[in-house]
Number of protein chains: 2
Amino acid sequence: MKERTRTRPLPRQILSDSVYEAVKELVMDQHIEPGARVNIDQLARDLRVSPTPVREALARLEMDALVIKEPLRGYSIAPILDAAAFEQLYEVRGLIEPFAARRACERANRQLVTALHREIDAMQKTIDGLRPEKPRRYRDYREFAWEDARFHEAIAVASGNELLGETLSRLRSHLHLYRLYYATGIGPETVAEHEAIVTAIAAHQPEAAAAAMAEHIKRSQGRQRHAFER
Amino acid sequence: MKERTRTRPLPRQILSDSVYEAVKELVMDQHIEPGARVNIDQLARDLRVSPTPVREALARLEMDALVIKEPLRGYSIAPILDAAAFEQLYEVRGLIEPFAARRACERANRQLVTALHREIDAMQKTIDGLRPEKPRRYRDYREFAWEDARFHEAIAVASGNELLGETLSRLRSHLHLYRLYYATGIGPETVAEHEAIVTAIAAHQPEAAAAAMAEHIKRSQGRQRHAFER
DNA sequence: GGCCTCAATATACTATAGGATATTGGCATT
DNA sequence: AATGCCAATATCCTATAGTATATTGAGGCC
């Protein structure tokens, strides 16, 4: 009975969870402006729920640094990444992600490589969907960012160190970068760099994998940094 | 007016915050057993508050991975670090903390060095307070662990990368290690290793600082690992 | 005119109550 | 005796209401 069907506890939805996701969406897509105050009662009315689950969701979002709580004054939407925070984020990513890539490479098997290739293909598809005549839409960037997040998460998971994955995940890199809403990240460069990483992993060369990841992070930083130029 | 008194928003206490801290204490000191279920109503009665702020506190504690939520079933206390999680924690610390030490060293000034020395002195005091005739109490280790946390946090802050500090802080290393509650005679060695780190920082030798921190983490891991032997 | 005071309103915070789901124990059936 | 069904209880989850604090605006004072 070694290979029985994996039965997981089915994911029940509690209002608090739904509200959490809903507000996260609102914040990410800037339906609520950064820095704006969040009126709990108003938000509850909008979502057609009572303030109680809203408060619970906000308490969790505060841990994600997506909202900021000032006691007895209420919550406000966290400001967008400024230049300093941007550099800090990439410094941390540049430290952790290459390490994760190295570990993942050391433990890599055929399944991982195919899985990563699938992720790359999916990302390529989001690019192919774009045509020069159609202006890039917000939705496109969203898709792309989502695929990018999946790729990096897959490598973090493959590192075998769950805490490492957790740590990276808690940075909420893609969420914060997505809020910058700077679409130059979209492009073949990203795909090519991802492929370089997977190539190194497939070749079982941990150092090369780490180097490829470091290079990718660095270049990604360079691309996104333009968001702060004027 | 450059040097006016730093006026910060004064820290208001909200019930929710108090409950958060109270439950954290309970978990850390094992007044609630790991794995045990947490009855919200009961806990609210014990703390003489209503369930509402308790729920809010638990929601935040879940983000800290100190409690685990199962929808419609309730919360339970997170299990103690097992051997695998322990190794993972130290792997992550071993990656991040030396980097923080290097950065801190690069930006170090006289103030930082004196501040770190003060932390070391404070830690030394917690050791001196111990006398062989008195059995080591639980309280003593608590003090010691807290001082250790302060030292590491000071270096993380000094790195200049706030996100790095946040990332380390969110690991809740000392909290989880404290829960293992296994530490005998680790005082003097820890102090010595901390001093080695500060020495390197004072000498403005970033690589040496990173190496000293790496060594410290490695040795600390070796000391604490005994908790899993039997 | 600027600043302080104070009342009115808005909003956050907590408590309480009611509905929904899970858990437990007993009873019946095989 | 073991298993399945069902009712009773416990517990979580959500909504509502009341209290406390902050914010806003107008009026008075210097």
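Proteins get letters first, then strands, A, B, ... in listed order; numbering begins at 1 in each.
Using cut-offs of 30° and 60° on the angle between ring planes, the pair His174(A) and His152(A) is tilted. Using a 30° and 60° split on the angle between ring planes, Tyr141(A) and Tyr178(A) fall in the parallel class, below 30°.
Residue pairs meeting the ring pair (Phe, Tyr, Trp, His ring centres under 6.0 Å) criterion with at least one partner in residues 62-83 of chain A, sequence neighbours excluded, are absent. Listed by first then second residue, pairs satisfying salt bridge (charged side-chain N to carboxylate O under 4.0 Å, His left out) with a partner in residues 78-97 of chain B read Arg103(A)-Glu91(B), Glu87(B)-Arg225(B), Arg93(B)-Glu97(B), not counting sequence neighbours.
The interatomic distance linking Ile14(A) (CD1) with dT11(D) (C1') rounds to 12 Å, in whole Å. Per the geometry, CG belonging to Leu43(B) stands 14 Å off C1' belonging to dT11(D), to the nearest Å. For the pair Gln42(A) CD and dT11(C) C1', the computed distance is 12 Å after rounding to whole Å. Nucleotide dA12(C) holds its C1' atom 13 Å from the CG atom of Asp17(B), rounded to whole Å. Computed from coordinates, the Asp41(A) CG to dT16(D) P distance equals 12 Å when rounded to whole Å. The distance from atom CD1 of Ile40(A) to atom P of dT23(D) is 14 Å, rounded to the nearest whole Å.
A donor-acceptor pair is defined here as one N or O able to donate and one able to accept, closer than 3.5 Å; no such pair exists between the side chain of Ser173(A) and the backbone of Ser169(A).
Look at Arg170(A) and Glu166(B) and you find no salt bridge, because none of the NZ, NE, NH1 or NH2 atoms lies under 4.0 Å from a carboxylate O.
In the region residues 44-66 of chain A, proximity to DNA chain C at under 4.0 angstrom, judged on heavy atoms, holds for Arg55(A).
Taking the nucleotide of DNA chain D with the nearest heavy atom to each of Ser16(A) and Leu72(A), the more 5' of the two is matched to Ser16(A). Nearer to the 5' terminus of DNA chain D, by closest-nucleotide assignment, is the contact made by Leu15(A) (compared with the other of Leu15(A) and Arg37(A)).
With sequence neighbours excluded, no residue satisfies ring-ring contact (aromatic ring centres under 6.0 Å, His included) with His176(A). Evaluation of the ring-ring contact (aromatic ring centres under 6.0 Å, His included) rule for Tyr20(A) yields no partner, not counting sequence neighbours.
Among the heavy atoms of the strands lying under 4.0 Å from Val38(B) are primed sugar atoms or P, OP1, OP2 only; no base atom is included.
The side chain of Arg73(B) places no N or O atom within less than 4.0 Å of a non-bridging phosphate oxygen (OP1 or OP2) of dT11(D).
Note that the CD atom of Glu119(A) and the CD atom of Glu153(A) stand 9.0 Å from one another [nearest 0.5 Å].
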Pairs under 3.5 angstrom, nitrogen or oxygen only, protein versus nucleotides 6-10 of chain D, please.
none

